[in-house]
Amino acid sequence: MAILFTLLTLTGFAQRVITGTVISGDDSEPIPGASVLIKGTTRGTITSFDGTFQMEAENDDVVQVSFVGYLPQEILVGNQEKLDVVLSTDVKNLEEVVVIGYGSAKKEDLTGSVTAITASDFNQGAISSPQELLNGKVPGVQITTAGGAPGSGATIRIRGGASLNASNDPLIIIDGVPMDNGGVAGMRNPLNTINPNDIETFTVLKDASATAIYGSRASNGVIIITTKKGAQGKMSVDYTGTVSVGQVVETADVLNANQYRELTQQVFPENAHLLGDANTDWQDAVFRTAVSTDHNVSLAGSVKDFLPYRVSVGYNKSQGVLEDSDMERTTLALNLNPKFFDDHLSTNASVKVMGVSNNFSNEGAIGAATSFDPTQPIRSGDDKYANFGGYYTWLDANGTPQYSIAPGNPMALIDQRADQADVFRSVGNLQLDYKFHFLPKLKANLNMGYDYSKSNGNILVSGQAGFDQGAARNDGTIRNYEQTKRNELLDFYLQYADDLPAIDGKFDVMGGYSYQYFRTEDYAENMFGNGNWQQDSVQTFRNHNNLQSFFARANFSAKGKYLVTATVRADGSSRFNQENRWGIFPSLALGWNIDKEGFLSSVEAISSMKIRAGYGITGQQDIGSNFGYMPVYSTSRPGHQYSFYNPTTGQWEIFDTMRPSGYDENLKWEETTTWNVGMDYGLFNDRVTGSLEVYYRTTDDLLNYVPVPAGSNLTNMLTTNVGAMMNKGFEFDINTKLIQTSDLHWDFGINATYNVNEITSLTMTDDPNYEGVRTGGIAGGQDLYAQRHRVGYPASSFFLYEQVYDANGTPVEGMYVDQNGDGVIDENDLVYSGNPAPKWMLGFTTKLTYKNWDFSMAGRAYLGNKIYNNVSSDKGNYNAMHTSGQITNNVHSSVLETGFENPQLLSDHYLENGSFFRIDNVMVGYNFFNVFGSDMNARVYGTVNNLAVFSPYSGLDPEVFGGMDNNLYPRPRTYMLGVNLTF
């Protein structure tokens, strides 16, 4: 109705057509996208790419022309047929403001490592999760999605991460509300609470000067997300709709049915009778072409120039490329930003609501599809498979499924197991910012926020499932679960800012208090008996923790050139005992706007140049347990109770027992000390901008999982504070405006990160013989690990046997280099073989506009990382083809090259170069202005996501966080068509 009213209004006022041009007073270049509005009405338009406009007006109309960064103008139409408007630069508006912790600051006044990415720079395409907007855009930030499932989560690392066993995730703050890093049951990604279309900016805080204001949660950096808000002026309506198609690019290199028959006849002819007559491509069976759609509508404006608002509704229905993998999400966001008392009181009320329904397909089918015999059918008409839904199942002589030795039928794994969840989540806050009437330079800020989620789901396994012995024995099983999470926030601070005339400077100081409380309640029940469910067991779990903090920050500047920032935060966490509960986290940073010095004033090539240096200490209290410092007793599990015979009653009586857990009463947070030196620059009137940084970080009191002497605690292994780790490196980025003409704009940017990680200590006392902490478990073997945390090496380094090759370059089975020359190949011969983390990370982006056309492309490269190909090592041997002559399994085609009879799981033959260059997205769009002569603008665009990957890695996808490739949900190549309408 609002759109219809607007169009009718335009028609009612139409008298005659006027044209015009809007140009910049600085360089006489046209200004595209400038707003041209009839004062006092909602009638108007925007300028096209050549700065021209056309609209209907009356003689006594006043035209208002405005554009960001310029002073607005008002012009009486009168008898003029053509209006030529020259806008002057608004110096004040060009002072870019960046969101930081507890406030904002002008970019030229920043002393810390802060990178802000706005909506115009986001990644394009079929994006359902917020972190995908940021991937590859910020130096020092590595984002690795968990795979191609719809709405999948991601691992985010800033400057390598600072922990081994505690969380390495950055603190994420949404509109002033710090998020709980823990996941939400029934959701792949907690960040899916936010519709990506509602996000205005990401601000990444990387060094201690920028992050220390968040104290004990800032060792791994901070990401601040702000959402779009309303503004004064007429109401605008924006609609965006997309449809996308995703396809699997590549599948695992296993044998087809004919190759498998031929190999069986050659290697195990005695098993030929086990082969079937089918030709089944199991990977083709479990994967599909995924069709997804996304729709978003937003309304923004103000009510009588008093109440700026923005409200948006989003709907996303995404299919995954794995059968039965789906996500359906509805979002609602509301922002209100009124001001009161002559603008002394600024209010920001924000509410985001999300409802999501997830179908989690059985991802075990991905691995099963690579190993199930390709000569067997998906379904069989043989009566012996009727009890299993007709799905082909490996049976023994008694008709019982070979549960322990046979993989499940991949399609049965999907069709006979249902995993569905519904989640409701809401994040909101009310922020009040008041400038005191009697002292406007003093203001108070109160922020009250919440994060609430409620989820329920169930996992149902059919009684006909030939892959699940428990379900078959109990006529089906179901697990119902519920979770409620509450996160409540209260922040309050006072801030005072004033000038310092004596030094031609200024200062502002602030201090405040923060309280945040987290509560989690989980309930789960296990039942059996399809259609007549009986309760088997019930589990309940409640957890809570809270943080209380005092913080302060002071900024000083002199002559606009010399900058000082000092920050301190005192944090108290309920996760530690009273002696260790509070910690102090200070930082100090200096900045020098060197371009304002006299000796550079005549250098026209330098637009801006700032040198900055910082030092600070941050912490990490997200240690995985809320009660690791105190004795905790757990009730025995069902089936593990204590029983005894009661002679009085003549009955056996069963009692639950209480099991104590190990604990460390001296447990405390890790502390990370960071040194950072950087330079921000702008050249040739900011046609070239960027930054260069060097950093050095050390983490002490590292949380490590170490053995403890027998009898000294209630466990043999304990998480405690012991050890240290170092990260050092440098980052740079450069952004260029290569071409700027009235018709053609071309921007290009690149960023790079080099990071070195090293564990410097893992034990209380130096022990050169300590082998380190094993990690990186290998599929296909028991108690085998490809990686270790070891002193002197990067975290999760690969330690493997060095493979021996013959004269033809073929690996010799079971032959490895005897590193210590003792004539025995054992664990003492395992050697450092590589690092799963890249040494270099590169990101690039380019944008090109020509008249109404626009084009963008973005990509990333990781260099110097290694990947252990567990798919090949597990299935690339002849003995993987059968088990005791009872079943047959498919194998990886690498066996044709190696000829391995048995798995060589600790051979460095399977450790490959994981470097890659990925083109993440390519977009082409066309813009239509003043559609049908109205103020409606339209844009049609197409994108391709995951266009191409170039890598020497032989596996499916070289982008594997942690370096262990065994069962990755494939990332699809996605083609998308979208339309955007603005009224």
Side-chain angles (χ1 to χ4, degrees), residues 97-106 109-112 114 171-180 203 205 208-219 222-226 344-350 427-451 487-498 506-518 545-556 564-574 581-589 614 616-619 621 669:
V97 175
V98 177
V99 176
I100 59 174
Y102 302 103
S104 60
K106 291 191 297 184
D109 292 338
L110 293 174
T111 57
V114 179
L171 175 65
I172 295 177
I173 300 170
I174 301 174
D175 283 339
V177 181
M179 296 290 99
D180 177 6
T203 303
L205 315 181
S209 171
T211 63
I213 196 70
Y214 292 106
S216 66
R217 292 184 285 178
S219 282
V222 179
I223 298 177
I224 300 174
I225 300 174
T226 59
H344 276 255
L345 176 62
S346 298
T347 304
N348 180 21
S350 173
V427 178
N429 72 311
L430 174 64
Q431 191 164 22
L432 306 175
D433 192 270
Y434 177 66
K435 293 188 297 183
F436 289 88
H437 281 72
F438 63 88
L439 187 58
K441 294 177 181 179
L442 175 66
K443 68 176 184 178
N445 188 287
L446 174 66
N447 181 28
M448 298 173 289
Y450 72 90
D451 174 11
N487 167 7
E488 298 161 355
L489 171 74
L490 173 66
D491 287 336
F492 178 79
Y493 64 87
L494 292 171
Q495 183 174 15
Y496 183 82
D498 203 351
K506 56 185 178 180
F507 77 96
D508 73 77
V509 293
M510 59 90 76
Y513 169 80
S514 177
Y515 175 87
Q516 195 162 12
Y517 184 46
F518 303 91
N545 72 286
N546 74 78
L547 287 163
Q548 298 190 49
S549 312
F550 298 92
F551 54 88
R553 179 173 59 214
N555 293 304
F556 298 89
V564 180
T565 300
T567 304
V568 65
R569 182 170 179 129
D571 267 340
S573 172
S574 65
R581 184 152 294 170
W582 286 88
I584 306 297
F585 304 94
S587 76
L588 176 67
I617 298 174
T618 52
Q621 58 87 47
W669 37 49

S216 and D571 have their tightest heavy-atom pair at N-OD2, 2.7 Å

Supply the atom-to-atom distance D508 CG to F556 CZ, rounded to the nearest 0.5 angstrom.
8.5 Å

Measuring centre to centre across the rings, with the benzene-like ring taken for any Trp, is Y102 within less than 6.0 Å of Y214?
yes

Heavy-atom nearest pair, V177 first then G428, reads CG2-O, 3.8 Å

Please tell me if the side chains of L446 and Y434 come closer than 4.5 Å, counting only heavy atoms from C-beta onward.
no

Side-chain touch F550/W582, heavy atoms, less than 4.5 angstrom:
yes

Closest non-hydrogen atom pair between P178 and R217, with its separation
CB-NH1, 3.8 Å

Between the side chains of Y493 and D491, does any donor sit under 3.5 Å from an acceptor?
no

Could you state the interatomic distance from CG (L547) to OH (Y515), rounded to the nearest 0.5 Å?
9.5 Å

Verify whether one side chain among N429 and N447 offers a donor that lies under 3.5 Å from an acceptor in the other.
yes

Of the non-hydrogen atoms in N445 and Q431, which two are nearest, and what is the gap between them?
OD1-NE2, 3.1 Å

Identify the two heavy atoms, one from G101 and one from L205, that lie closest to each other, and give their separation to 0.1 Å.
N-CD1, 4.2 Å

Show the nearest heavy-atom pair for residues T618 and A212, with the distance to one decimal.
CG2-CA, 3.9 Å

Do T111 and V564 have side-chain heavy atoms sitting under 4.5 Å apart?
no

